[in-house]
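Input: a single structure, listed below in structure tokens.
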4 protein chains.
Amino acid sequence: MGTHTQRRTDTRQRIQDVALELFAEQGYEKTSLREIAERLEVTKAALYYHFKTKEDILISVFQDLTGPLDELVAWGEAQERTLEFKKELLRRYSEALNQAAPLFRFMQENQAALRDLKIGELFKDRVHALLGVLKDDTAPLPDQVRCVSALFTLHASMFLLKDLDGDFEEKRLAALEVAVDLVTQAHQHA
Amino acid sequence: MGTHTQRRTDTRQRIQDVALELFAEQGYEKTSLREIAERLEVTKAALYYHFKTKEDILISVFQDLTGPLDELVAWGEAQERTLEFKKELLRRYSEALNQAAPLFRFMQENQAALRDLKIGELFKDRVHALLGVLKDDTAPLPDQVRCVSALFTLHASMFLLKDLDGDFEEKRLAALEVAVDLVTQAHQHA
Amino acid sequence: MGTHTQRRTDTRQRIQDVALELFAEQGYEKTSLREIAERLEVTKAALYYHFKTKEDILISVFQDLTGPLDELVAWGEAQERTLEFKKELLRRYSEALNQAAPLFRFMQENQAALRDLKIGELFKDRVHALLGVLKDDTAPLPDQVRCVSALFTLHASMFLLKDLDGDFEEKRLAALEVAVDLVTQAHQHA
Amino acid sequence: MGTHTQRRTDTRQRIQDVALELFAEQGYEKTSLREIAERLEVTKAALYYHFKTKEDILISVFQDLTGPLDELVAWGEAQERTLEFKKELLRRYSEALNQAAPLFRFMQENQAALRDLKIGELFKDRVHALLGVLKDDTAPLPDQVRCVSALFTLHASMFLLKDLDGDFEEKRLAALEVAVDLVTQAHQHA
DNA sequence: AATGAATGAGCCTTCATTCAT
DNA sequence: GATGAATGAAGGCTCATTCAT
């Protein structure tokens, strides 16, 4: 069983993995296709058999890892904006982030490089949709900021708290707690 | 007198200005010296009269704009960690950021690119020092996260709140309010 | 019977057709096997089942379409060089060209590319043989030029008179008339 | 004297010379910048100091060598279309071609490659302008063809008569004679 | 204080071709 | 009769940097 599917080599997947790893480590611009190819012990041309351009590699990774997030947004937009719901949204978002941590770390750290890589928009769009669900455009500015901050706190927990003591999961939960708190405050002022 | 000295710094300063502008706009890697030179209507070689390398331009900008921050850190480290002091620190930090907004926007968006540019460290060091002053290593994790969040909220206010209504200064103050709040909570739990 | 043989040549023939079309349209060098394969909705590798190299595709097209011309040359060389014969030769040549117009257009426009593609010689050889039949090596230079011109006028009529009014066949006949005229003059001076 | 102008090296000119030589010899597509650079014993990058793209090299050569032709067209368009004038035009055209023989040989042999190299148009435009001066749109088709033929005969004399005996200048004049003849016939029928 | 000329390394991409299946 | 996967070579181009002037 499965032998048939096996026929297709896993090169495509391996390219995506290595690419994400290197992109996250060194940035998109500074990672050359030569590097990716060498790491995989194939030629650069092989990459082009599987992907049309360098950007395409990134896009494919993005699309593969971004599914859960899309679902989350879709789900969120259909819900009533109760406090309990918002908390749940943050919980799920934190988990989704956790799933694709390297990708999000990459997105966060390469905003400049992504600015004109169509994909930049895709990312921004998602975050915006999420924000739209959390915050109330008519609320006082500080409360709106709280919502943005909540989201960023979750992002940051993926890669910015290395210097704090404690293991990764502990820190993720701490960040979630803070985010929930921020959103709660924003919600209650309303 | 003075005209002579004035002349001397003129081009150098213009290089820094244009470089920062372009770096912030397009990212460090994607901005070429050719581009900078063209914008200034001088040759690339002229840049090398004033700076030893591309990175040097960035460093010089950083150092020029970062002075107030260094003073802030120095001042902060000498203070007693009362709540009032921490609030003041945030206030001053927000102002310092405001002064050199494009630089900080750049720093935030080019973390990947900066990773192996000695300067990356410089930036991290400053933020760390500041964090060291604000937070208590022995506090519960969520409270430590609150302090990190506070700082990031201030950073974010420099470039991430474009989509919110309200003018820049309003938003800066809102962010400051949220940051103060976060730090206050962290402080009071202690 | 026959259906089997039919099938066999099918793809091969289609490759030749598409290849000629693209070669004529964009030139030999600028037409890639990928392009040909895509147009046919097969893989590049399939082309290699039918032909050994890219050049082989061109050669095969050439040989398929060039038969009538070879016969013409053979016939011509056996004839006595009367004026009437020469006129007939031009008439037949014009028709032969007409039959394989895209090929000749291609040959005309890709001389440079063909120079080191063994096939270039084949083409030149044919034209030369024809010229040998038409012109007299001992005639005054201008008359020899007339014969060359006659041939080129026929070639040109295949693709260069687009800008003139009139339909294709009309123009072909006009070119034939001019060619006949040129050869007649050359002949009569002798 | 002259020492100052001498400062500017002649590299730019040498690039143009070598490029034209190679383009004419092997065709545009098949000539790589590496080849040009090697022949000149400079690096590829040096070519890019002097020209923005490969096509730019070709364009610059074209523009340098094409001046006399432009003047000819301009002059021609201002003249009355007497037979004597047309003869004179052909004479001058033949000389202009002679001046830039390799370029025209190149143009003739690389039509396919030039088709999408903006420059192709430039060339066609010139020939068309010339044709517009020579031929009468209302004349019988064969006479129009004669004018086209006349021009092509001159072109051909630049590179296609190698196989005929006689030296280059002799052949050029023979071709001119034939061209004059063709145009004369066309003119007199009117 | 700045330029003109050039370099060496490297980049992304495309190509014709091969071969096991 | 054709495909999927891959290769080696090369192509055009850009970049940070150097240095004599």
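Side-chain atoms are counted along with the backbone in the values below, which use heavy atoms only and exclude waters and symmetry mates. Residue numbers start from 1 in every chain, and the chains themselves are labelled A, B, ... in the order their sequence lines are given, proteins ahead of strands. Since the structure is predicted, the reported quantities are computational estimates derived from the model, not experimental observations.
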Could you run down nucleotides 15-20 of chain F 5' to 3' and tag each one B, S or - for protein heavy-atom contact under 4.0 Å? BBBBB-
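- Between B:Tyr49 and the phosphate of E:dA2, there is no side-chain N or O to OP1/OP2 separation shorter than 4.0 Å.
- Within residues 14-27 of chain A, no residue has any heavy atom under 4.0 Å from DNA chain F.
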Base-pair map of DNA chain F as dot-bracket, where | denotes pairing with a different strand and pairs are Watson-Crick or G-U under 3.5 Å: .||||||||||||||||||||
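- Under the salt bridge (Lys or Arg N to Asp or Glu O under 4.0 Å) criterion, the residue pairs touching residues 18-27 of chain C are C:Glu21-C:Arg39, with sequence neighbours excluded.
- For A:His50, no side-chain nitrogen or oxygen approaches OP1 or OP2 of F:dG4 to under 4.0 Å.
- Between the CG atom of B:Leu40 and the C1' atom of E:dT3 there is a distance of 15 Å, given to the nearest Å.
- Ring pair D:Phe62/D:Phe123 is perpendicular by interplanar angle, where above 60° counts as perpendicular and below 30° as parallel.
- Among residues two or more places apart in sequence or in another chain, the side-chain contact (heavy atoms from CB on, under 4.5 Å) test is passed with A:Ala24 by A:Phe106.
- Residues that satisfy the salt bridge (charged side-chain N to carboxylate O under 4.0 Å, His left out) test with D:Asp70, not counting sequence neighbours, are D:Arg126.
- Between C:Leu47 and A:Arg12, the one whose closest nucleotide on DNA chain F sits nearer the 5' end is C:Leu47.
- When rounded to the nearest whole Å, the span between CD of B:Glu38 and P of E:dA2 equals 17 Å.
- Under the side-chain hydrogen bond (donor to acceptor under 3.5 Å, both in side chains) criterion, C:Thr66 pairs with no residue at all, not counting sequence neighbours.
- Not a single side-chain hydrogen bond (donor to acceptor under 3.5 Å, both in side chains) links B:Asp125 to another residue, sequence neighbours left out.
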N/O donor to acceptor pairs below 3.5 angstrom from side-chain atoms of residues 41-53 of chain A, sequence neighbours left out:
unit_1, atom_1, unit_2, atom_2, d
A:Thr43, OG1, A:Ala46, N, 3.4
A:Thr53, OG1, A:Glu55, N, 3.4
A:Thr53, OG1, A:Asp56, N, 3.0

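- A donor-acceptor pair is defined here as one N or O able to donate and one able to accept, closer than 3.5 Å; no such pair exists between the side chain of A:Lys118 and the backbone of A:Ile59.
- In this structure B:Gln111 satisfies the side-chain contact (heavy atoms from CB on, under 4.5 Å) test together with A:Glu109, A:Phe159, B:Gln108, sequence neighbours excluded.
- Across the protein-nucleic acid pair, D:Gln13 atom CD and E:dA5 atom C1' stand 17 Å apart, rounded to whole Å.
- Counting only residues at least two apart or in different chains, salt bridge (Lys or Arg N to Asp or Glu O under 4.0 Å) contacts with residues 27-37 of chain C comprise C:Lys30-D:Asp116, C:Arg34-C:Glu38.
- In this structure, C:Thr11 does not reach the F:dG1 phosphate: none of its side-chain N or O atoms is under 4.0 Å from OP1 or OP2.
- With sequence neighbours excluded, the residues forming a side-chain contact (heavy atoms from CB on, under 4.5 Å) with D:Arg14 are D:Asp10, D:Thr11, D:Leu40, listed by chain and number.
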